[in-house]
Amino acid sequence: MFNLIVRPNKRIDKDLLLKGIKYSNDYLKKPVLLRILEVGESSNIFDNHIIYINVEIRQHVFKCKAYKCDNGKLDKSKLETVNASNEVVTLTYNVEWSAIEHMTIEKYHDLWPLLNYAFEQNNMVQRGNHQGFKDIKISTLKNALNNLEFKACTGANDDGTLFLEPYIKEFTKQK
């Protein structure tokens with residue numbers, strides 16, 4: 001058995017991916033098929049704990065904005081539209097650790113919709129769950145999310161910040 005080497009596309013970040021998904025949801029009236037390839041954790045110098053999720057865009061001909069790259073240097077001041085099908089993008093989430101290797105994900109957290117969906121698919125919570133999660137081990141989170149394939153749409157927080165969520169219902173084209 002072997003594992004794939006996951007190399008995220010540095011030209012597409014979480015924000016650009018979410019804007020591309022929102023465009024697909026709002027104007028093309030369809031969700032975007034994603035698959036989770038890898039889930040990991042890290043801490044930064046400020047002792048913030050971060051969960052990173054590498055997702056593969058499985059949608060055929062998914063157009064997305066990407067940062068321009070000139071001579072190997074990323075220029076975040078310039079954007080271009082690219083076909084991002086089969087590209088890998090890293091999504092990062094700051095999480096609160098309640099104890100060593102345990103974290104809490106409240107219902108209002110940006111990761112909650114995706115994690116709740118994964119737990120429902122793995123029969124770890126009842127369908128229609130509206131509760132947050134306490135004392136989750138990273139291994140439980142990885143087991144639930146790894147290789148999860150889902151139709152993605154976006155939601156928005158009160159401040160307008162976009163977040164990823166699985167789309168359960170089918171989109172209908174408006175006339």
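Because the structure is predicted, anything quoted here is derived from the model rather than measured.
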Side-chain ([X]) to main-chain ([Y]) donor-acceptor, under 3.5 angstrom:
X	Y	result
D70	K73	no
N122	A144	yes
W112	Q131	yes
N129	V125	no

Hydrophobic cluster membership, with links at side-chain heavy-atom distances under 4.5 Å among I/L/V/M/F/W/Y: are [X] and [Y] in one?
X	Y	answer
V89	L74	yes
L17	V82	yes
L162	V32	yes

Side chain to side chain contact (heavy atoms under 4.5 Å, CB included) partner of L145, the single match among I51, V55, L115, L37: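 Result for side chain to side chain contact (heavy atoms under 4.5 Å, CB included) with L145: L115.
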
Lys NZ or Arg CZ of K14 over Y93 ring: under 6.0 Å, within 45°: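 Cation-pi check for K14 and Y93: passes.
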
Y67 six-ring face occupied by K76 cation (under 6.0 Å, within 45°):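 Because its charged atom sits under 6.0 Å from the ring centre and within 45° of the axis, K76 does stack over Y67.
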
With heavy-atom distances below 4.5 Å as the criterion, would you say the side chains of [X] and [Y] are in contact?
X	Y	value
L114	I36	yes
M103	I138	yes
I136	T104	no
T154	N25	yes

Under 3.5 Å side-chain donor-acceptor pair for D110 and N157: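 Indeed, the side chains of D110 and N157 share at least one donor-acceptor pair under 3.5 Å.
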
T81 and K65: side chain donor to acceptor below 3.5 Å: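 Yes, K65 and T81 have a side-chain donor paired with an acceptor closer than 3.5 Å.
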
I'd like to know whether [atom1] of [X] has more than 12 heavy-atom contacts from other residues, nucleotides or ligands below 6.0 angstrom.
X	atom1	result
K142	NZ	yes
Q126	CD	no
R127	CZ	yes
N71	CG	no

List the atom of [X], the atom of [Y], and the distance in Å for their closest heavy-atom pair.
X	Y	answer
C64	A84	CB-CB, 3.9 Å
M124	T140	CE-CG2, 3.4 Å
S24	F62	CB-CE1, 4.4 Å
P113	F163	CG-CE1, 3.7 Å
N83	V61	OD1-CA, 3.6 Å
I21	A152	CG2-O, 3.7 Å

All pairs passing side chain to side chain donor-acceptor pair (under 3.5 Å) where residues 51-61 contributes a residue, at least two apart: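 Output for this query lists R35-E56, E38-N54, N54-T90, E56-R58.
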
